[in-house]
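Starting from 1, each residue takes its place in the sequence as its number. Since the model is a prediction, treat every value here as computed from it, not as a measurement.
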Amino acid sequence: MTETTGEPVATGIDYVGVQESPRFQKLKRNQRSFIFPLTAIFLIWYFAYVLLAAFAPEFMAQRVWGDVTIGLLLGLGQFVTTFAITMGYVAFANRTLDPQARAIREELEAQEARA
């Protein structure tokens, strides 16, 4: 707001227009193309583990070696999967999403500097 009139100051950036722009839509599409399939796969994997624990305790209790059971290995696999997905997303974001976001941000900063 300006001090004299109390009116909002126009920044010169149409944020709704930016959100609807093809470049921003492509960024969102690329992010979602990674996130949604992996989320679905992980949830299926997670619920399979929970259902096996609830309805197949004999299977989960089978010893693999020593006191290590299939249930324990599958449970630890949940952690491994979580870390793998996180590392994969970070690599994907660094390689694909960040350059696109950087280009959009730089364009907006240039527009703001001109305003």
How long is the span from the [atom1] atom in [X] to the [atom2] atom in [Y], to the nearest 0.5 Å?
| X | Y | atom1 | atom2 | answer |
| --- | --- | --- | --- | --- |
| Tyr49 | Leu52 | OH | CG | 9.5 Å |
| Leu97 | Leu27 | CG | CG | 6.0 Å |
| Phe42 | Phe47 | CZ | CZ | 10.0 Å |

Selection [range] - residue pairs positive for salt bridge (Lys or Arg N to Asp or Glu O under 4.0 Å), sequence neighbours left out:
| range | result |
| --- | --- |
| residues 42-54 | none |
| residues 25-44 | none |
| residues 77-96 | none |
| residues 70-80 | none |

Pairs flagged by side-chain hydrogen bond (donor to acceptor under 3.5 Å, both in side chains) wherever residues 96-109 is involved - sequence neighbours left out: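 side-chain hydrogen bond (donor to acceptor under 3.5 Å, both in side chains) check on residues 96-109 returns Arg23-Glu107, Asn30-Gln100.
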side-chain hydrogen bond (donor to acceptor under 3.5 Å, both in side chains) partners of residues 55-69, not counting sequence neighbours, each pair once: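 Sorted pair list: Arg63-Asp67.
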Val16: hydrophobic cluster co-members (side-chain, 4.5 Å):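 None, because no other hydrophobic side chain comes under 4.5 Å of this residue.
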Atom pairs and distances, side-chain donor-acceptor, residues 71-86, under 3.5 Å, sequence neighbours left out:
{"residue": "Thr81", "atom": "OG1", "partner": "Trp45", "partner atom": "NE1", "Å": "3.1"}
{"residue": "Thr81", "atom": "OG1", "partner": "Gly77", "partner atom": "O", "Å": "2.7"}
{"residue": "Thr82", "atom": "OG1", "partner": "Gln78", "partner atom": "O", "Å": "2.9"}
{"residue": "Thr86", "atom": "OG1", "partner": "Thr82", "partner atom": "O", "Å": "2.9"}

Contacts of type side chain to side chain contact (heavy atoms under 4.5 Å, CB included), residue Ala61, not counting sequence neighbours: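 In terms of side chain to side chain contact (heavy atoms under 4.5 Å, CB included), with neighbours along the sequence ignored, Ala61 is linked to no residue.
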Which residues share a side chain to side chain contact (heavy atoms under 4.5 Å, CB included) with Leu51, sequence neighbours left out: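 With sequence neighbours excluded, Leu51 shows a side chain to side chain contact (heavy atoms under 4.5 Å, CB included) to Phe55, given in chain and number order.
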Donor-acceptor under 3.5 Å (Gln25 side chain, Gln19 main chain):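 Yes, Gln25 side chain to Gln19 backbone: donor-acceptor pair under 3.5 Å.
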Closest contact, heavy atoms only, Ala93 versus Pro99: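 That would be O-CD, 4.2 Å.
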Connected via hydrophobic side-chain network under 4.5 Å: Ile35 and Leu43: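 As far as the 4.5 Å side-chain criterion goes, Leu43 and Ile35 are connected within one cluster.
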Hydrophobic cluster identity match, Val50 and Ile44, side-chain contacts under 4.5 Å: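 No, no single cluster joins them.
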Residue pairs involving residues 84-115 (criterion ring-ring contact (aromatic ring centres under 6.0 Å, His included); sequence neighbours excluded):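 Found Phe34-Tyr89, Phe34-Phe92.
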